[in-house]
Number of protein chains: 2
Amino acid sequence: MEEVRRPRGRPRKPVLLQAEPGLARLGLHERAVQRLRGLIVGGELPAGADLVETDLSAALGISRTPLREALKLLAAEGLIELRPNRSPRVTELRPGDVAALFEAIAGIERATAELAAHRMGEADLAGLRALQTEMEAHHRAGALAPYFALNHRIHGLIVAGARNAPLRDAHDALHARAELARRRALGRRARWDESVAEHRAILEALEARNADAAGRLLSEHVTHTGAALLAGLCPPAATDAA
Amino acid sequence: MEEVRRPRGRPRKPVLLQAEPGLARLGLHERAVQRLRGLIVGGELPAGADLVETDLSAALGISRTPLREALKLLAAEGLIELRPNRSPRVTELRPGDVAALFEAIAGIERATAELAAHRMGEADLAGLRALQTEMEAHHRAGALAPYFALNHRIHGLIVAGARNAPLRDAHDALHARAELARRRALGRRARWDESVAEHRAILEALEARNADAAGRLLSEHVTHTGAALLAGLCPPAATDAA
DNA sequence: TTAGCATTAATTGCATGCAGAGCACGAAAA
DNA sequence: TTTTCGTGCTCTGCATGCAATTAATGCTAA
């Protein structure tokens with residue numbers, strides 16, 4: 001059934017990651033969550049990979065107990081799938097999942113934008129303006145790499161501006177998976193132009209404290225982004241110049 | 001600092017819950033999650049209660065390992081709070097949290113209603129109509145208890161009608177905490193009348209496939225519900241309209 | 001009597017051990 | 001050659017054991 005079927009286990013990824021000096025005050029399971037999340041969205045643990053507890057615990061330098069706790073948490077985020085008496089697997093994003101994901105993010109970010117339009121302070125808006133300026137500079141310079149980082153920070157600032165912990169948490173949980181989809185279909189220059197323009201419009205709506213417009217624009221922006229990702233992901237044909 | 005400070009541990013709740021014959025095919029940690037969630041939203045485990053691993057594991061008839069996995073998941077849901085080297089505590093809902101919670105639910109349900117307006121089949125709508133009719137019957141009869149169950153099912157049907165798993169998951173995660181707030185402030189007869197009427201308007205919007213109206217009405221409905229709960233919870237005085 | 005300190009009991013965090021389930025491989029039969 | 005059953009190994013799920021951390025308690029001294 002599956003084309004990418006590992007024999008039984010043993011993806012044999014010599015990941016070997018431990019010793020996080022900065023954030024050492026957290027529990028092992030929490031560090032494992034962060035590390036594994038990074039490995040998954042970073043692509044080091046590819047979609048469909050089997051996560052064998054013994055190997056992973058050895059690679060992370062921890063025992064299976066905190067690792068299993070971390071795996072449960074990642075499964076709750078949807079990054080991996082748990083199957084009874086089977087190795088957990090890194091979730092495979094099907095096009096339908098990506099579409100649903102961005103629908104959900106669009107809805108949540110619209111709600112945050114509407115709240116943020118009323119609740120962001122001038123300092124917040126100034127920060128957003130600065131990021132927008134920086135982003136446009138990168139855009140003009142053609143620096144695509146920093147764009148993603150800026151994009152992430154801008155969306156995060158708007159979400160934080162809503163001052164709503166549940167919405168923030170829900171957004172963060174979905175964002176990891178969205179990042180996972182994002183790295184599959186990057187380099188869409190045309191979409192990049194649109195995206196920067198949309199961000200500017202969103203900023204202006206927030207500055208005008210226009211909640212409806214901010215929410216609508218941000219929702220549409222996320223929807224467009226999702227559609228672009230989906231287009232670059234689902235039918236990769238029609239560009240078979242190779 | 002805390003008024004409800006248990007000595008050190010030992011809430012000594014002889015909960016003693018296990019042996020779920022129906023859903024025996026799930027892992028122990030998952031059953032523990034469901035059971036504990038029920039105990040928390042049901043009020044058997046009151047807000048602020050210390051959850052000592054040894055006692056709970058004995059009460060549930062499982063060992064500490066799956067229990068700890070369950071506790072991590074409940075903490076991710078926000079139902080309990082984990083503190084380093086301390087017993088987890090059932091989360092105490094402050095008024096600000098309730099307000100934020102219902103803001104978030106309003107935003108998410110609006111998104112689901114907009115999608116559901118396009119995606120619900122005639123069968124779904126028929127089911128909604130039946131529930132609405134039943135609800136109105138209970139309303140006329142003054143049966144308050146079934147109202148909550150119907151209300152829950154109606155909102156669940158709309159959320160399911162959106163055909164969006166991430167939104168459904170996010171909604172479910174928040175819903176447990178909302179239920180927790182709900183059982184604190186019940187018996188608001190006036191709000192009950194409004195609520196039934198709002199539900200009817202939402203149903204009509206969905207039947208008309210009017211996504212904007214459905215989303216707006218449902219969002220407002222949830223907001224009103226949250227406000228009513230908050231009013232019955234935070235300042236029980238100052239009910240000017242009474 | 002009160003403040004400070006050492007002691008002690010209890011609880012969490014993590015590691016390890018063991019039994020059960022599932023898959024792969026191989027042998028035997030059609 | 002293909003199919004089916006048996007065998008063994010690996011991995012998960014759960015329980016238990018041990019050390020570190022914490023808070024309560026009793027003691028001593030001012």
Side-chain angles (χ1 to χ4, degrees), chain A residues 1-2 4-13 17-20 23-36 45 48-76 80-90, chain B residues 1-2 4-13 18-20 23-36 48-76 80-90:
Chain A
M1 311 313 185
E2 268 95 272
V4 243
R5 177 64 101 73
R6 276 79 183 169
R8 161 77 177 141
R10 215 64 37 75
R12 215 46 98 178
K13 270 275 177 183
L17 297 154
Q18 240 272 71
E20 204 68 23
L23 49 148
R25 261 308 108 96
L26 297 98
L28 253 44
H29 70 97
E30 228 170 319
R31 274 187 279 175
V33 165
Q34 299 188 9
R35 183 53 85 188
L36 288 175
L45 288 174
D50 282 353
L51 301 178
V52 179
E53 294 181 359
T54 306
D55 299 344
L56 261 189
S57 64
L60 296 173
I62 64 179
S63 90
R64 289 176 51 219
T65 305
L67 173 66
R68 283 174 59 82
E69 296 171 357
L71 291 177
K72 300 286 186 301
L73 260 358
L74 290 171
I80 67 176
E81 285 170 351
L82 258 41
R83 285 142 21 174
N85 292 323
R86 288 246 233 330
S87 289
R89 267 241 257 273
V90 177
Chain B
M1 311 316 185
E2 269 97 87
V4 241
R5 177 65 100 76
R6 277 80 185 168
R8 160 76 177 144
R10 213 64 37 77
R12 215 47 98 177
K13 269 273 176 183
Q18 240 272 66
E20 203 68 22
L23 50 148
R25 261 308 108 95
L26 297 99
L28 255 43
H29 71 97
E30 226 169 321
R31 273 188 280 176
V33 165
Q34 298 189 10
R35 183 54 82 188
L36 289 174
D50 282 354
L51 302 178
V52 179
E53 294 182 359
T54 305
D55 299 344
L56 260 189
S57 64
L60 295 174
I62 63 178
S63 91
R64 289 177 51 220
T65 305
L67 173 66
R68 284 174 58 83
E69 296 171 356
L71 292 177
K72 300 285 186 301
L73 291 173
L74 290 171
I80 67 176
E81 286 169 351
L82 259 39
R83 283 143 23 173
N85 293 323
R86 280 259 239 325
S87 290
R89 267 243 258 270
V90 178

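Order of the sequence lines sets the chain letters (A, B, ...), proteins ahead of strands, with each chain counted from 1.
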message = Between A:Leu60 and A:Leu28, does the side-chain contact (heavy atoms from CB on, under 4.5 Å) criterion hold? Intermediate values first, please.
response = CA-CA 10 Å; A:Leu60 296 173; A:Leu28 253 44; over 6 Å; no

ask   = Below 4.5 Å, heavy atoms only, C-beta onward: do A:Leu82 and A:Pro88 meet side chain to side chain?
value =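 Answer yes - side chains close enough.
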
Tell me: [atom1] of [X] to [atom2] of [N], nearest whole Å?
X: B:Leu28; N: C:dA19; atom1: CG; atom2: C1'; answer: 14 Å
X: A:Arg86; N: D:dT10; atom1: CZ; atom2: C1'; answer: 14 Å
X: A:Arg83; N: C:dC23; atom1: CZ; atom2: C1'; answer: 12 Å
X: A:Glu53; N: D:dC14; atom1: CD; atom2: P; answer: 11 Å
X: A:Glu69; N: C:dT12; atom1: CD; atom2: P; answer: 13 Å
X: B:Ile62; N: D:dC14; atom1: CD1; atom2: C1'; answer: 10 Å
X: B:Arg89; N: C:dT11; atom1: CZ; atom2: P; answer: 15 Å
X: A:Leu71; N: D:dC11; atom1: CG; atom2: P; answer: 15 Å

task = Test for a donor-acceptor pair under 3.5 Å between the base of D:dG13 and the side chain of A:Arg64, counting only N and O atoms.
result =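 Between D:dG13 and A:Arg64, which were checked side chain against base, a qualifying N/O pair under 3.5 Å is present.
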
message = Is it the case that D:dT10 (base atoms only) and A:Thr54 (side chain only) share a donor and an acceptor within less than 3.5 Å, ignoring hydrogens and angles?
response =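 No, the side chain and the base share no sub-3.5 Å donor-acceptor pair.
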
Distance from [X] atom [atom1] to [Y] atom [atom2], nearest 0.5 Å?
X: B:Arg35; Y: B:Ile62; atom1: CZ; atom2: CD1; answer: 11.5 Å
X: A:Leu36; Y: A:His29; atom1: CG; atom2: NE2; answer: 13.0 Å
X: A:Gln34; Y: A:Leu26; atom1: CD; atom2: CG; answer: 6.0 Å

ask   = Are B:Ser87 and C:dT12 close enough that a side-chain N or O sits under 4.0 Å from OP1 or OP2?
value =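 Yes, B:Ser87 has a side-chain N/O under 4.0 Å of OP1/OP2 on C:dT12.
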
ask   = Within the pair B:Thr65 and D:dC14, is there a side-chain N or O less than 4.0 Å away from OP1 or OP2?
value =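 Checking D:dC14 against B:Thr65, no side-chain N or O comes under 4.0 Å of OP1 or OP2.
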
request  = Would you indicate which nucleotide in C:dG22, C:dC14, C:dC18 comes nearest to any side-chain atom of A:Asn85?
outcome  =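 Nucleotide nearest to A:Asn85's side chain: C:dG22.
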
task = Output the single nucleotide from D:dG13, C:dG13, D:dA15 whose closest atom is nearest the side chain of A:Arg68.
result =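 So the side chain of A:Arg68 is nearest to D:dG13.
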
